[in-house]
Amino acid sequence: KQLINNYQYRQFLILADMKHLCCEKFFLGMQRSPPPVEPLDFGFVPAAVYDTHAYYEPGTIGILFHMVHAFLYMVQPNSFPKDLIVSIIQQNMGGIKPHSDCALMNHLVPLQWIHYESGFLICAVFGVVFVVLTPIIATCFCMCRCCDNCGGEMHQRQRKNADCHRGFFTASLIATTIFIILGVLVAYAANHNISTQIKSTRRLINTNMRDLKTFANNTPVQIDYLTAQYTTAKNKVLSDLDNIGPLLGARIHSHLEKEVVPALDGALRMAGAKVESAIKAMRETKEALENVSSALEILQEGTGKLQASLAGERSSLSNTLSDPACTNGAVSPTCNTIRSTLPQLGTNADFSKLPNVNEALTNINTVLKIDLSNIVQKGYASFNDTPAMVKEQTRNIVTGKHTSLIPKFKSMLDKIGNEINGFSKMFPVESSLANFTIFLNERHKFIESFYPQVDQMDFYRWIACVAVLCTVVLILAFNMLGLLCGTCGYDKQATPTTRGCLSNTGGNLLMAGVGFSFIFAWVLMGLVTTLFVVGGNVEKLICEPLANRQLFKIIDTPFLVHPEKRNFLPGMLFQNPNIDLTLGSMYRECYENNGLYHALQLENIFNINSFLNRTVYNKDLAKVLEGVQVDLRDIMLLDQAGRDNLMNFANSGVGEIDYPVYLAEVNKGVTIVDLLSFCSDLEDQADQLPRGALENALKGHASRIRSIHREQVVPMEQAMVRLLLGNQRAIELADTTSLMKVTNILSAIDAAEYLITQNASHVVKQETKAFVHSLVGYFKQYTDWVKNSLSAEVAQCKPISNMVDSMEIVGCSFIIDSVNTFWMGLGACCILLIPSIVFSVKLAKYYRRMDTEDVFEDGQENWN
């Protein structure tokens with residue numbers, strides 16, 4: 001009775017510990033975040049395909065463009081004067097308030113600008129000096145030659161190195177002419193590139209217009225698609241509400257399965273075994289006891305037979321050793337030795353005294369007649385029927401007293417859908433974009449109407465540039481013809497006064513080239529200077545800042561145009577300069593092909609997030625599930641029959657068997673000595689005796705002892721092995737079958753049942769909230785998808801950045817780079833005309849026919 005009271009007290013303590021453990025795990029599980037919501041597939045927003053590729057690769061002429069850029073960098077190495085331009089704009093536009101330092105700033109700005117333009121100013125001054133001095137020098141040169149000076153005297157003095165001078169001037173003029181030809185080719189290539197690229201401009205205009213039309217036509221379709229996908233979320237919510245029983249029941253079962261079963265398993269592991277392990281232990285205990293019982297019977301029966309056999313053999317062997325032949329002096333020691341080993345022929349272990357296990361085996365068989373596994377499966381089946389139980393108990397949500405809530409909720413969702421559609425129609429997006437499309441068509445036609453005029457103007461420009469180059473070509477023609485005629489008509493034997501007509505013509509052509517050089521050089525340099533100042537500054541102040549986006553930073557400077565208007569772009573677009581929107585950020589977003597809603601930060605004008613949060617998320621959804629009541633108190637994991645069966649197993653007596661006694665007898669062995677070794681020794685000693693009857697008799701005894709070992713000892717040893725294994729397994733299972741272990745198992749099951757029956761309401765509430773969370777999560781997925789789509793997929797504004805890039809390509813890459821290359825080539829020609837004039841004047845002296853010549857009295861003349 002005292003033992004039973006102790007067990008009951010321990011069971012109470014263990015039950016309390018198990019309940020505490022399970023409940024602790026349960027409430028820790030309740031604190032976890034809600035399960036993830038099933039993702040919805042809203043499809044893909046209809047994407048717009050834009051045709052414009054705002055990228056320009058100039059090809060071979062790009063080498064000349066790089067040369068021009070390098071020259072301009074050498075002329076103007078200063079960084080872009082952002083602060084200077086901003087201060088000028090702010091002064092002129094009123095972006096800064098008047099103060100005492102304004103006068104000082106007014107004086108500093110021109111100085112800063114002169115410092116920035118110093119390279120251009122130096123080059124421009126050089127050009128102006130060239131333009132001014134060239135006609136003056138030409139006039140002086142002509143007057144000087146008319147006075148027979150500056151090479152105008154038609155007399156050539158004798159020089160010994162005249163041929164060397166003539167060769168030097170010829171080679172120099174040829175080299176200068178070649179470089180001038182290269183300059184003409186560079187200028188002509190730039191001139192032709194402008195005409196070629198102007199034709200490509202039409203393609204850029206057409207693709208940009210087409211992209212803008214695609215943008216305008218596709219945006220309403222994308223907005224309609226966004227509003228239409230609300231139906232996907234609404235249908236999913238209605239589907240889950242119609243199937244609230246199975247879905248919520250599955251959630252509750254899943255929660256219990258994740259929270260209760262681990263707690264139950266943990267409690268059973270804490271107790272030392274599981275019910276399934278107990279059932280397995282019953283069967284294994286039965287098998288172990290059966291092995292022990294059968295082996296014990298074999299050993300007890302075999303021990304008696306073996307004792308009789310060994311006693312008879314021992315007596316017979318003693319009689320043999322009493323033979324008179326053993327008294328012989330040589331044989332006597334061997335016989336005495338054999339006689340001393342006769343006591344070893346006997347049994348060692350006594351299995352007759354070991355207790356049997358029949359009573360415990362009978363109790364185990366009685367326990368196994370009840371199918372405990374089936375009882376346990378029924379208990380778990382009761383737990384697994386939780387979804388069906390919840391479905392039945394939540395049927396009233398759809399078909400009971402709450403029948404009117406589902407249609408009411410459906411009408412509420414329809415109302416939300418109507419509000420979303422109304423919100424999309426609130427803004428005249430479609431009509432505005434339709435008007436924008438009409439405007440684009442009109443502008444496109446208007447631009448196309450100018451194509452013939454542009455072509456005509458470009459033709460006139462091309463003719464003008466070619467005419468300018470033809471002046472240089474004319475000078476080159478005189479130089480080349482003069483070189484050709486002078487070189488071909490030159491005669492070394494002729495004196496200056498007797499030179500041939502062809503040589504004289506060459507000299508005259510060179511002088512004609514000099515004349516035309518003086519006539520056109522200053523005009524060409526004036527044109528070059530003008531194009532250099534204009535084109536170079538456009539490149540440095542517009543094209544380069546536009547390429548590296550420094551120009552955007554000027555426009556994005558806070559308070560640029562007014563001291564109270566922070567940002568220029570939102571002030572111009574939305575009349576709200578405080579919005580943090582810049583031209584640079586807008587360009588970056590459009591360059592990455594993001595949505596116009598995100599690029600222009602239209603959420604500051606009409607915030608779709610607040611509208612969706614206000615419209616879609618509705619607290620009335622929770623009211624639909626207020627009637628959910630689920631009672632799980634009927635779940636029973638193990639009934640009374642199963643509990644009694646486990647107690648009977650614990651009281652079967654398996655743990656009371658004295659297993660060490662069995663192990664002690666088994667460790668003794670069957671016989672005192674190994675019979676096979678004894679036989680071998682006996683035969684060896686018999687071989688030491690003289691051949692005869694005694695030897696044969698001893699060998700016969702050895703043969704019979706071997707037969708006893710084979711027929712009796714070997715089966716007993718096999719039975720001992722089974723007995724040993726059975727005892728080891730029985731010892732292992734003895735701890736499992738103890739009353740304390742079984743009591744712990746029952747206490748763990750009681751704690752799990754308590755958790756299921758008493759705390760299911762917490763699970764129901766938690767899973768109901770999770771179910772509501774999943775329904776709301778569908779709408780949250782929709783709103784998040786709308787936000788992401790508006791930011792990245794709806795009204796993708798790539799055409800806007802393409803227009804900026806196209807204007808940069810047309811204005812800078814097509815026109816400015818070509819204009820700068822044109823003046824670079826033409827300017828090189830103008831500068832090279834100076835050495836061309838000098839070399840032509842010097843060389844003409846050797847080709848023209850002179851009026852007088854030097855005469856020597858000795859009659860020897862040397863003009864070579």
Side-chain angles (χ1 to χ4, degrees), residues 64 68 71-72 75 119-146 150 173 176-195 457-482 508-539 815-816 818-841 844:
L64 300 177
V68 174
F71 176 75
L72 289 176
V75 172
F120 285 103
L121 291 176
I122 293 173
C123 293
V125 169
F126 173 80
V128 171
V129 170
F130 187 96
V131 170
V132 173
L133 292 182
T134 299
I136 296 175
I137 294 174
T139 303
C140 295
F141 181 74
C142 293
M143 295 175 64
C144 183
R145 286 184 66 86
C146 291
C150 303
L173 183 59
T176 304
T177 302
I178 292 174
F179 283 114
I180 294 175
I181 291 173
L182 292 178
V184 171
L185 293 177
V186 168
Y188 180 80
N191 180 46
H192 182 72
N193 185 68
I194 295 177
S195 299
M457 293 174 62
D458 178 66
F459 176 74
Y460 292 152
R461 180 206 56 78
W462 187 86
I463 290 295
C465 292
V466 170
V468 170
L469 294 178
C470 284
T471 59
V472 182
V473 173
L474 178 63
I475 297 171
L476 291 174
F478 282 120
N479 286 350
M480 289 186 292
L481 289 174
N508 291 333
L509 289 174
L510 290 176
M511 291 307 299
V514 171
F516 281 109
S517 297
F518 278 121
I519 293 173
F520 295 118
W522 67 278
V523 178
L524 296 178
M525 182 55 73
L527 178 62
V528 168
T529 302
T530 302
L531 294 177
F532 164 75
V533 172
V534 175
N537 278 284
V538 170
E539 171 67 26
I815 298 177
I816 296 300
S818 299
V819 170
N820 289 337
T821 305
F822 180 81
W823 63 249
M824 182 183 71
L826 188 59
C829 294
C830 293
I831 294 174
L832 290 173
L833 285 178
I834 297 176
S836 174
I837 291 172
V838 175
F839 296 142
S840 296
V841 171

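The shown structure was predicted, so the numbers you read here are calculated from the model rather than taken from an experiment.
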Atom pair [atom1] ([X]) and [atom2] ([Y]), whose distance is rounded to the nearest 0.5 Å:
{"X": "Phe130", "Y": "Leu833", "atom1": "CZ", "atom2": "CG", "answer": "6.5 Å"}
{"X": "Leu469", "Y": "Leu524", "atom1": "CG", "atom2": "CG", "answer": "8.5 Å"}
{"X": "Thr177", "Y": "Leu182", "atom1": "OG1", "atom2": "CG", "answer": "11.0 Å"}
{"X": "Met525", "Y": "Cys829", "atom1": "CE", "atom2": "SG", "answer": "10.0 Å"}
{"X": "Ile834", "Y": "Thr176", "atom1": "CD1", "atom2": "OG1", "answer": "11.5 Å"}
{"X": "Cys470", "Y": "Ile463", "atom1": "SG", "atom2": "CD1", "answer": "9.0 Å"}

Which heavy atom of [X] sits nearest a heavy atom of [Y], and at what distance?
{"X": "Trp522", "Y": "Phe518", "value": "CD1-O, 3.4 Å"}
{"X": "Thr134", "Y": "Ala521", "value": "CG2-CB, 4.2 Å"}
{"X": "Ser840", "Y": "Asn479", "value": "OG-OD1, 3.6 Å"}
{"X": "Gly127", "Y": "Thr529", "value": "CA-OG1, 3.4 Å"}
{"X": "Leu64", "Y": "Met824", "value": "O-CE, 4.3 Å"}

Less than 6.0 Å separating the ring centroids of Tyr188 and Phe822?
no
So do the side chains of [X] and [Y] get within less than 4.5 Å of each other, counting heavy atoms only?
{"X": "Phe120", "Y": "Leu72", "answer": "yes"}
{"X": "Phe532", "Y": "Cys123", "answer": "yes"}
{"X": "Phe839", "Y": "Leu510", "answer": "no"}
{"X": "Met480", "Y": "Ile181", "answer": "yes"}

All pairs passing side-chain hydrogen bond (donor to acceptor under 3.5 Å, both in side chains) where residues 458-473 contributes a residue, at least two apart:
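Sorted result for residues 458-473: Asn191-Arg461, Ser195-Asp458, Ser195-Arg461, Gln456-Tyr460, Asp458-Arg461.
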Got a sec, which residues hit side-chain contact (heavy atoms from CB on, under 4.5 Å) with Asn193, two or more places apart in sequence or on another chain?
Tyr56, Ile61, Phe65, Gln197, Ser818
side-chain contact (heavy atoms from CB on, under 4.5 Å) partners of Thr139, counting only residues at least two apart:
Met143
Is it the case that the side chain of Ser836 and the backbone of Leu832 share a donor-acceptor pair, with hydrogens and angles ignored and the cut-off at 3.5 Å?
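No, the answer is negative, given that no donor and acceptor are paired below the 3.5 Å cut-off.
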Consider side chain to side chain contact (heavy atoms under 4.5 Å, CB included). Of Ile831, Val186, Val528, Leu531, which one does Leu826 pass it with?
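Among the candidates, only Val528 passes.
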